[in-house]
Amino acid sequence: MIWNYFLMAAGVSSASWILSALIPKKDFIRNLLVLIGILSMAVYIGFLWNSLERPPLRTLGETRLWYSLFISIIGLITYYRWRYLWMLYYCLFMSLLFLFINYMHPENFSKTLMPALQSPWFVPHVVVYIISYAFLAASSLVAIYGLYQVKRERFDEKYMLVADNLVYLGFAFLTFGLLFGALWAKEAWGHYWTWDPKETWAFITWMGYLVYIHRRYQKPRKYVSALWILALAFVILLVCWFGVNYLPSAQFSVHTYSMQP
Amino acid sequence: MSKPTKPLWQTPWGYAESFVIAFGLLLIGFLLEFTIQSNSGVSIKYPMNLILGAIFITFILVFYRLIRKSNLYHFLSGVPASVGAIAVLTLLVIIMGITPQVSMQEENLITRLSLNQLTTSWPFLFINLYLLVVLALVIVRKSFPFRLKNWGFVCSHLGLWITIFAAGLGSGDLMRLKMDLYTNKTEWKAYDNNGNYYELPLAIKLNDFLIEEFNPKLAVVENESGKLYEATKPSMIMIEDELECTLHDWNIKIDDFLVSSGRVGEKYHQMYDFGAAPAAKVSVAVNSSDTLSGWISCGSFNRPHESLKLDDNYSLLMTVPEPKKFSSKVTIFTPDGQKEEQVLEVNKPQSVNGWKIYQLSYDEKMGKYSNLSVVEVVKDPWQVYVYIGIFMMMIGAIYMFWRGNKVTISSEQ
Ligand code: HEM
C-alpha cells in the first residue's frame, strides 16, 4: 500500500516536474506544473503520517521524502522571487534525485536512522545547506569567470551584481543552516555549539562570506579583491564540506557518521 | 588607480590600522596566555556574570559618549574595523579548526599558548570582546536616529550581538550534569565531569529501560590480528532470516537465525533468559564442492561469542547488534510532592522544574540487558535570551533572502 502510493505520488511529481522543464515558454503553466508536483509529494507525506500514526521522520527513506518536498518548495519560492530558472531546475533535479534514490532502494523505508538523527531539525538543516551550497557554488563560478575577464581586461561591473545577489541568497540559507544546527544541538545534546571540527569549519565558512559582504558593501568599486575573497571563501566551504575528515582535528568529531544525505 | 599610500595612523583610519589593532590584541592575548595561563576550569557564575555583563554594557555606553564626536568612533563603527575583527577571529578559529582541541599533559609551546584549548584562552576572549565592542558601536550608529528601512540590518546585527553576549555570559550558569539511574531505584543526585555531586530539586525513578536493536551483521576478521577484513565493500552485511549473500569471496547462506538464544549441546535454541544472545546457523560455500556450516553468535555479557573459521587466515563472525532506539520509562518527583510519568528518548528531552532531562547512554557492555540508564540534566537560565538573538538573526536572514543585493549606497570617497 505505502509503496504503491509512493510510486503513484513520485510518478505524478516526476511527470509534472519533467513536463515543466519541457514547456519553458509559458510561465503560468510551468509554475502550475511545479506546484502540482509539490502537492502530490505533500499529500503523500500526509497520507504516510496518517497511516503510520507518527511523523514520518524515523527512517532514511522518510527523511528523503521531506528533502524532496522542501527543496522543491524553496525552489519555487526562490523562482517566484528571483526568476533564477537554473535554481528552480536545480531544486527540482535534487528533489527528483532523492525520489529516485528512494525508488531504487525500497529497503530504505524500513532502515531507521541512528537515534541522534531522528529529529525534526535534521531535514531543514540538510535542506537549507543543499540550497545554500548551490547558490554559493554559483557565485564562485561568477568569481572565477570575473577574475578571468579582469585578466583579459573585459570586466563588466554587472558580474559583480550577479555575484552579490547569489552570495546574499546563499548566505541567508547558510545562516539558517548554522542556526538550525545550533538549535538542534541544543535540543538534542543540551548545548548549542561545542566547537566540534565540523562546526568550527562551518563557522569559518560563514565568516568568510561575511567578509565578502561587508567588503563589497563598503568599497563597491574594488571588485578585484572582492573576487579573490569570494574565490577563497569557496575554498573554505569545500574544506568544510569534504576536507574536514582529513584534518588532524577531525579525530574528535561527532559528525563522522557517513550516511547523509 | 595608483593612489599614494597613506602613512599608518594618519586619519581617516582604514584597513591597515584595523588589522594592526586586531593583530595587536591577538599578540597581547598570547603574551598574557604565555605568562599567566588562563585557567580553563574557571567559569563565571551568577551573580558575577550579570555584574560583569552590566559593567561591559556600561563601559560601551560611556565609551560611546566619550568618543562619539571623534574620528575613533567613525573608525570603530565602520566596515574596516569590522572586517579586521572578523578576519582575525576567523584566523584564530582556523587554527582551532586544524589543530586538535583536547587537553594535553606535556609542557610545550602549544600548551603554553593554549593552542590546544583556544576557546578558553585570553586571545580568544580579547578578540571576542573587541568584536562585541565594534559591533555594538556599529549598531548604535545605524540605529540612532532610527530609520525604518534599517530594520533588517538591526535584526541581523543586534541578533548576533545578543546571541554572543547571552551565550557567553550564560555559559557559566549552564549546568550539565549526569545522573545514573538504576532500574527501580530513585535517584536525586547528579554529578559533573569532575566527579562533584549535586543535589537536584527533582528525583527520578527508572521504571524500565528499553532498547530496540538492529539485527547483528556478518563480518570477516583476520584470525591473527583480529582485524576486520575489508577487501570489498560492504564489509558487513545485516543478518536476516534466509539471507543469501556474498561477502568478499564467500557465498554465505543463513539457515537459521535466532534473535534471542542460548547454546545447548550441539546447537542453539530459542531462549529468552537474562543474557540470551542472537545466533545464526550459516553455510558457507568454500569452493565449488565444499560447504562449511556451523553456528555463530555475538554472545553477550554472560555468554561467549562464537565464530566460524573459514580458513587458516579468516573467520566469519557476528557483530554485536547496534541500538535502533533506546528509551527510559521514568517517574519524576518534585519537592512540592508532584510526580509525573515520562518517557525519555534521544532527541526527546523532558522539562521539569527548569531542568531539561536528556536520554544519554546506558551500560553498553550489558547492551539490552542494561539496568543502568544515564541521563543528562541541563539547566540553562540564559537560553531564552540566546533564542531571542537567534530568532532575530533568522528574521535578518529572511530579509536578506527577500531583498537580495539592492545595496548601492557607497561610502567610498
Ligand atoms: C549576522 C551576521 C551579519 C550579517 C547578515 C550582516 C549583514 C550586513 C549587511 C547586509 C550590511 C549592509 C547594510 C544594509 O543592508 O543596510 C551590513 C553592514 C554592516 N555590517 Fe554587517 N552583517 C553581519 C555581521 C556583522 C558583524 C559581526 C559586524 C562587525 C563587527 C558587522 C558590521 C557591519 C558594518 C560596520 C556595516 C556597515 C554599516 C553602514 O555603515 O551602513 N556586521 N551587514
Side-chain angles (χ1 to χ4, degrees), chain A residues 58 78 81-82 111-112 114-121 161 163-169 171-176 179 182-184 186-193 195 197 200-201 203-204 207-208 210-211 213-222 236 239-240 244 247-252, chain B residues 78-80 82-83 86-87 89-90 93-94 96-102 118-119 156 163 167 174 176 212 214 322-327 345-349 356 358-360 376-378 380 383 386-387 390-391 393-394 396-412:
Chain A
R58 189 169 288 166
T78 308
R81 179 69 185 91
W82 292 107
K111 196 177 277 175
T112 57
M114 58 187 285
L117 294 184
Q118 294 172 21
S119 161
W121 292 107
L161 298 182
D164 281 355
N165 215 34
L166 293 173
V167 170
Y168 269 57
L169 303 191
F171 188 79
F173 283 105
L174 193 66
T175 305
F176 265 100
L179 296 179
L183 292 175
W184 178 11
K186 182 70 185 171
E187 286 303 312
W189 295 283
H191 212 348
Y192 315 97
W193 200 263
W195 294 109
T200 304
W201 279 95
F203 182 78
I204 297 168
M207 295 296 257
L210 215 50
V211 169
I213 289 171
H214 290 92
R215 168 78 189 177
R216 279 288 298 150
Y217 176 73
Q218 186 223 5
K219 296 243 187 247
R221 297 280 131 61
K222 297 234 165 135
I236 298 177
V239 173
C240 178
V244 171
L247 292 172
S249 51
Q251 299 147 261
F252 308 97
Chain B
V79 171
S82 303
V83 167
I86 294 174
L89 175 63
T90 309
V93 178
I94 288 178
M96 257 163 73
I98 294 174
T99 56
Q101 298 289 307
V102 282
L118 276 174
T119 49
S156 56
T163 307
L174 175 76
R176 291 177 84 185
E212 279 177 37
F214 288 110
E322 289 167 55
K324 187 190 281 185
K325 181 180 154 184
F326 49 97
S327 57
E345 210 185 305
V346 179
N347 265 320
K348 298 198 182 99
K356 264 195 162 179
Y358 297 81
Q359 175 72 57
L360 197 64
E376 187 168 46
V377 288
V378 177
D380 187 0
Q383 180 171 348
V386 178
Y387 274 22
I390 289 182
F391 189 65
M393 277 163 79
M394 285 182 173
I398 293 176
Y399 170 81
M400 263 185 106
F401 169 79
W402 203 252
R403 210 184 66 144
N405 176 46
K406 295 271 176 67
V407 190
T408 42
I409 323 146
S410 155
S411 58
E412 227 164 0

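Each chain gets a letter, A, B and so on, in the order the sequences are listed, and its residues count up from 1. Just so you know, these numbers use all the heavy atoms, side chains as well, and skip hydrogens, waters and symmetry mates. Because the structure is a prediction, the values reported are computed rather than measured.
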Given a strict heavy-atom distance threshold of 4.5 Å, which part of [X] is in contact with chain A: side chain, backbone, both, or neither?
X: B:Glu322; result: neither
X: B:Lys356; result: side chain
X: B:Tyr358; result: side chain
X: B:Phe214; result: side chain
X: B:Ser82; result: neither

Heavy atoms only: give me the nearest [X]-[Y] pair and the separation to one decimal.
X: A:Leu179; Y: B:Met393; answer: CD1-CB, 3.8 Å
X: B:Val83; Y: A:Arg215; answer: CG2-N, 4.5 Å
X: A:Ile213; Y: B:Met400; answer: CD1-CE, 3.7 Å
X: A:Ala172; Y: B:Ala397; answer: CB-O, 3.3 Å
X: A:Asn165; Y: B:Asn405; answer: OD1-N, 2.8 Å

Value rounded to 0.5 Å, distance of [atom1] in [X] from [atom2] in [Y]:
X: B:Ile98; Y: A:Trp201; atom1: CD1; atom2: CH2; value: 5.0 Å
X: B:Ile398; Y: A:Phe173; atom1: CD1; atom2: CZ; value: 10.0 Å
X: B:Leu118; Y: A:Trp195; atom1: CG; atom2: CH2; value: 10.0 Å

Query raised in the report: Where the side chain of A:Trp82 meets the backbone of B:Phe401, is there a donor-acceptor pair that is under 3.5 Å apart?
Result: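 Yes; judged by distance alone, with no hydrogens or angles, the pair exists.
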Query raised in the report: After noting the C-alpha distance and the side-chain angles of A:Met207 and B:Val93, does the key distance pass the side-chain contact (heavy atoms from CB on, under 4.5 Å) rule?
Result: CA-CA 10 Å; A:Met207 295 296 257; B:Val93 178; over 6 Å; no
Based on non-hydrogen pairs under 4.5 Å, which of [options] is most in contact with chain A?
options: B:Val378, B:Ile390, B:Val377; answer: B:Ile390
options: B:Lys325, B:Lys324, B:Glu212; answer: B:Lys324
options: B:Leu89, B:Val79, B:Thr90; answer: B:Val79

Query - Top contributor to chain B contacts, counting heavy-atom pairs under 4.5 Å, from A:Leu166, A:Thr175, A:Leu183, A:Leu210 - result: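 Max contact count across the listed options: A:Leu183.
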Report task. Select one option (side chain, backbone, both, neither) describing which atoms of A:Arg58 are under 4.5 Å from chain B's heavy atoms. Result ->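 Only the side chain of A:Arg58 comes within 4.5 Å of chain B.
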Query - B:Asp380 vs A:Lys186, side-chain contact (heavy atoms from CB on, under 4.5 Å): CA-CA, chis, key distance, verdict - result: CA-CA 10 Å; B:Asp380 187 0; A:Lys186 182 70 185 171; 2.8 Å; yes
Report task. Go through the steps for A:Tyr192 and B:Leu174 under the test side-chain contact (heavy atoms from CB on, under 4.5 Å), then give the verdict. Result -> CA-CA 11 Å; A:Tyr192 315 97; B:Leu174 175 76; over 6 Å; no
